[in-house]
Novice: 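Here it is, the structure in full.
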Amino acid sequence: MKKLEFKNISMEFPGVRALDDVSFSTEAGKVTALLGENGAGKSTLLKILYGDYKATSGKILFDGQEISFPNPHEAIKSGVSIIYQERQLYLNQTVAENVFAGTLPVNSAGFINYRKMHKMTMEIIEEFGIPVKSTDVVKNLSIAHQQMVEIMKAIIRMLEIVAFDEPTASLTEKEIDKLFEIINKLKQKGIIILYVSHRIKEIFIICDDVVVLKDGKFVDKVNTIDTSEEDLVRKMVGRKLGDVFNTLERNKKLGDTILEAKNITTSKVKNASFDLKKGEILGLFGLVGAGRTELMNAIFGNDKVVSGEIFFEGKKIEIYSPERAIGYGIGFCPEDRKLQAIMPNHSVKHNISIVILKILSRFGFINRRIETRIALENKKKLNIQTSDLNKRIIFLSGGNQQKVIVARWLAANPKVLILDEPTKGIDVGAKSEMYKIICDLAKEDIGIIFISSELPEMIGLCDRILAIKNGEIVGEVLRDEVSEEKLLKYAVL
């Protein structure tokens, strides 16, 4: 029986040890779950297997032989495939053309053999009972059926190992049942299957055993029949918060309610209600795809609110654009700093002043003196490490770039500040500084909405935490009664 073995896998990025000496194995004909909270190292491990990353140390063995791929293309050629949540398809081409992408069959004259391509595709469709046709154009298929095309791409390439990374995040119950039916057929063919999911109930339906990862380290491997949902949650938690949160000076007196959302519904959020007080740090916790960012996008005017009401300082308001939100005094530091926040080729000063240019301008000219003064004040307040405000922000460290984005909103004198994963991708020292900045802002009566995938900082910082799952707020926990286990139960059970 063929076996896949991970031996002492470590992976280091600048300032981060994503995997730390991880070892475990799985066998042909088994579905092995990789379970852990966000940042546990699951996706990093898959990317090493797939050739996206090269491990810092350690090795992977398949059937006793070491395997290592320079890129995903070589992994696919060797029978290794990963089905990501984000599909990698040619939307304007047919199912058959996608299934055979890169391996199109040709006849003796060197022309594409379309008849053979469609015949082989239909054989797979019929064997696995996939409700599509080989001639269907992929862009016209549902998300679930597009995912099945991804699986067919893997099958046609003599599949040996397949990994599913959060495959059910956007599927209906009926579509999930069909996916599980396909996975079971792959299992019966003796294929090694890795299954990444935050949905513990699914793991007990489809998986034979579970590997639990935590902070990049291997915790345990257990058979699903020998464990329980509660036991798995316990294995995922237990981290010590550390001394850093104990030294923070907190805002001890919260003010009146400044922001209230009632029954907010969007394309991704369902009937969400919450309130935020002046000087409060309100946590919003959920796993990948839970709807945290989507809810905040609705509050900030980035997404259309289908129904529901928003009240600001006791008055009902309409927020249909970020400009409107900014006008009311709401700021938003997005999750992806590089893609959504910084202007990499502009100066630190310009990155800070960009949201207040109208205030700084008169007759079309920017008052550079005031712009510089505001930038200097926030540089000092947030301890931004740069000798020159005219330096391009791209040359700053990740932590200092994040401080610049916070400074951008402070320049606009916000009353509410939404921080989406503000410590993502920054080192430990910068994280500690960011925690202090957040607490200091709360003491200035700014209402903070704090989104994080890291439970320790969520618990260590927040006055109150809302748990969100599948676009719905499913629980609320106060600071004095919070625990990692309690939050994870809300999020995954």
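Residues take their numbers from the sequence shown, with the count starting at 1.
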Novice: If we ignore hydrogens and angles and just use 3.5 Å, is the side chain of Asn98 paired with the main-chain N or O of Tyr90 as donor and acceptor?
Specialist: yes
Novice: Looking only at heavy atoms, what is the nearest atom pair of Met458 and Gly283, with distance?
Specialist: SD-CA, 3.6 Å
Novice: For Lys349 and Thr372, does a side-chain donor sit closer than 3.5 Å to a side-chain acceptor?
Specialist: yes
Novice: Would you check if there is a donor-acceptor pair between the side chains of Gln385 and Asn383 at a distance under 3.5 Å?
Specialist: yes
Novice: Whether the side chain of Asn251 engages the backbone of Gly279 through a donor-acceptor N/O pair (distance < 3.5 Å, no angle test) should be reported.
Specialist: yes
Novice: In chain order, what residues pass the ring pair (Phe, Tyr, Trp, His ring centres under 6.0 Å) check against Phe285, with sequence neighbours excluded?
Specialist: none
Novice: Does Glu481 CD have over 12 foreign heavy atoms under 6.0 Å away?
Specialist: yes
Novice: List the residues meeting ring pair (Phe, Tyr, Trp, His ring centres under 6.0 Å) with Tyr328, not counting sequence neighbours, and say none if there are none.
Specialist: none
Novice: Could you check whether atom NZ of Lys391 has more than 12 heavy atoms from other residues, nucleotides or ligands sitting under 6.0 Å from it?
Specialist: yes
Novice: Evaluate side chain to side chain contact (heavy atoms under 4.5 Å, CB included) for Val406 paired with Lys403, printing each intermediate quantity in order.
Specialist: CA-CA 5 Å; Val406 174; Lys403 290 179 187 177; 5.6 Å; no
Novice: May I ask you to test the Phe274-Leu259 pair for a side-chain heavy-atom distance under 4.5 Å?
Specialist: yes
Novice: Please report the interatomic distance CG(Leu19) to CD1(Ile48), rounded to the nearest 0.5 Å.
Specialist: 5.0 Å
Novice: Apply the side-chain contact (heavy atoms from CB on, under 4.5 Å) test between Thr32 and each candidate in Val211, Leu4, Val210; give the one that qualifies.
Specialist: Val211
Novice: If the condition is side chain to side chain contact (heavy atoms under 4.5 Å, CB included), which residues does Lys139 pass it with, not counting sequence neighbours?
Specialist: Leu91, Asn92, Val137
Novice: Going by heavy atoms in the side chains, are Ile354 and His350 under 4.5 Å from each other?
Specialist: yes
Novice: So how far is it from Leu284 CG to Arg464 CZ, rounded to the nearest 0.5 Å?
Specialist: 11.0 Å
Novice: Kindly give the heavy-atom pair with the smallest separation between Ile384 and Asn378, and that separation in Å.
Specialist: CD1-O, 4.0 Å
Novice: Which heavy atom of Ser483 sits nearest to which heavy atom of Ile459, and what is that distance?
Specialist: C-CD1, 3.8 Å
Novice: With heavy-atom distances below 4.5 Å as the criterion, would you say the side chains of Leu46 and Leu34 are in contact?
Specialist: yes
Novice: To the nearest 0.5 Å, what is the distance between CH2 (Trp409) and CG (Leu417)?
Specialist: 8.5 Å
Novice: Can you tell me how far CD of Gln401 sits from CG of Asn351, rounded to the nearest 0.5 angstrom?
Specialist: 8.5 Å
Novice: Given Leu419 and Phe332, is the side chain to side chain contact (heavy atoms under 4.5 Å, CB included) satisfied, shown in steps?
Specialist: CA-CA 6 Å; Leu419 301 173; Phe332 189 0; over 6 Å; no
Novice: To the nearest 0.5 Å, what is the distance between CG on Leu45 and CD1 on Ile9?
Specialist: 7.0 Å
Novice: Charged N to carboxylate O below 4.0 Å: is that the case for Glu485 and Lys489?
Specialist: yes
Novice: Over all heavy atoms of both residues, which pair between Thr293 and Glu335 is shortest? Give the atoms and the distance, please.
Specialist: OG1-OE1, 3.9 Å
Novice: Taking the side chain from Thr56 and the backbone from Glu12, do they hold a donor-acceptor pair closer than 3.5 Å?
Specialist: yes
Novice: Give the intermediate values and the outcome of side chain to side chain contact (heavy atoms under 4.5 Å, CB included) for residues Ile83 and Gln147.
Specialist: CA-CA 8 Å; Ile83 312 299; Gln147 187 178 77; 4.1 Å; yes
Novice: Do the non-hydrogen side-chain atoms of Ile203 and Leu35 ever get within less than 4.5 Å of each other?
Specialist: yes
Novice: What verdict does the side chain to side chain donor-acceptor pair (under 3.5 Å) test give for Ser10 and Asp21, after you've listed the backbone C-alpha separation in whole Å, the side-chain angles of each residue and the deciding distance to 0.1 Å?
Specialist: CA-CA 5 Å; Ser10 293; Asp21 199 34; 5.0 Å; no
Novice: Are the side chain of Lys42 and the backbone of Gly36 linked by a donor-acceptor contact shorter than 3.5 Å?
Specialist: yes
Novice: Between Glu421 and Arg292, does any NZ, NE, NH1 or NH2 come within less than 4.0 Å of an OD or OE carboxylate oxygen?
Specialist: yes
Novice: Just wondering, do Ile176 and Glu202 contact through their side chains at under 4.5 Å, heavy atoms?
Specialist: yes
Novice: Less than 4.0 Å between a side-chain N and a carboxylate O, is that true for Glu433 and Lys436?
Specialist: no
Novice: Can you find a side-chain donor-acceptor pair between Asp303 and Asn297 that sits under 3.5 Å?
Specialist: no
Novice: Kindly determine whether Glu377 and Arg373 satisfy salt bridge (charged side-chain N to carboxylate O under 4.0 Å, His left out), including the steps that lead there.
Specialist: CA-CA 6 Å; Glu377 287 174 354; Arg373 177 175 58 78; 3.1 Å; yes
Novice: Within the structure provided, determine whether Phe450 and Glu457 are in side-chain contact (heavy-atom separation under 4.5 Å).
Specialist: yes
Novice: Apply the test side chain to side chain contact (heavy atoms under 4.5 Å, CB included) to residues Tyr435 and Leu461: give CA-CA distance (whole Å), side-chain angles for both, the deciding distance (0.1 Å), then the verdict.
Specialist: CA-CA 7 Å; Tyr435 300 150; Leu461 281 177; 3.6 Å; yes
Novice: Once side-chain hydrogen bond (donor to acceptor under 3.5 Å, both in side chains) is applied, what residue pairs with a partner in residues 252-268 remain, sequence neighbours excluded?
Specialist: Asn263-Ser273
Novice: Where the side chain of Ser353 meets the backbone of Glu371, is there a donor-acceptor pair that is under 3.5 Å apart?
Specialist: no
Novice: Who are the ring pair (Phe, Tyr, Trp, His ring centres under 6.0 Å) partners of Phe312, not counting sequence neighbours?
Specialist: none
Novice: For Arg362 and Asn367, which I'm curious about, is there any donor-acceptor pair between the side chains at under 3.5 Å?
Specialist: no
Novice: Which atoms form the tightest heavy-atom contact between Ile326 and Phe300, and what is the distance?
Specialist: CG1-CZ, 4.0 Å
Novice: Look only at the side chain of Arg250 and the backbone of Cys439, and say whether a donor-acceptor pair between them is shorter than 3.5 Å.
Specialist: no
Novice: If you compare all heavy atoms of Asp165 against all heavy atoms of Ser43, which two are closest, and at what distance to 0.1 Å?
Specialist: OD2-OG, 3.3 Å
Novice: Does some side-chain heavy atom of Lys379 sit less than 4.5 Å from a side-chain heavy atom of Ile352?
Specialist: no
Novice: Less than 4.5 Å apart, side chain to side chain, heavy atoms only: is that true for Tyr195 and Thr168?
Specialist: yes
Novice: Should Glu318 and Arg324 be marked as a salt bridge (charged side-chain N to carboxylate O under 4.0 Å, His left out) after you check the CA-CA gap, both sets of side-chain angles, and the distance that decides it?
Specialist: CA-CA 8 Å; Glu318 299 287 340; Arg324 291 277 291 186; over 6 Å; no
Novice: Let me confirm one number: the CD-CG distance from Glu454 to Asp215, rounded to the nearest 0.5 Å.
Specialist: 8.5 Å
Novice: Could I get the full list of side-chain hydrogen bond (donor to acceptor under 3.5 Å, both in side chains) partners for Asp220, not counting sequence neighbours?
Specialist: Lys235
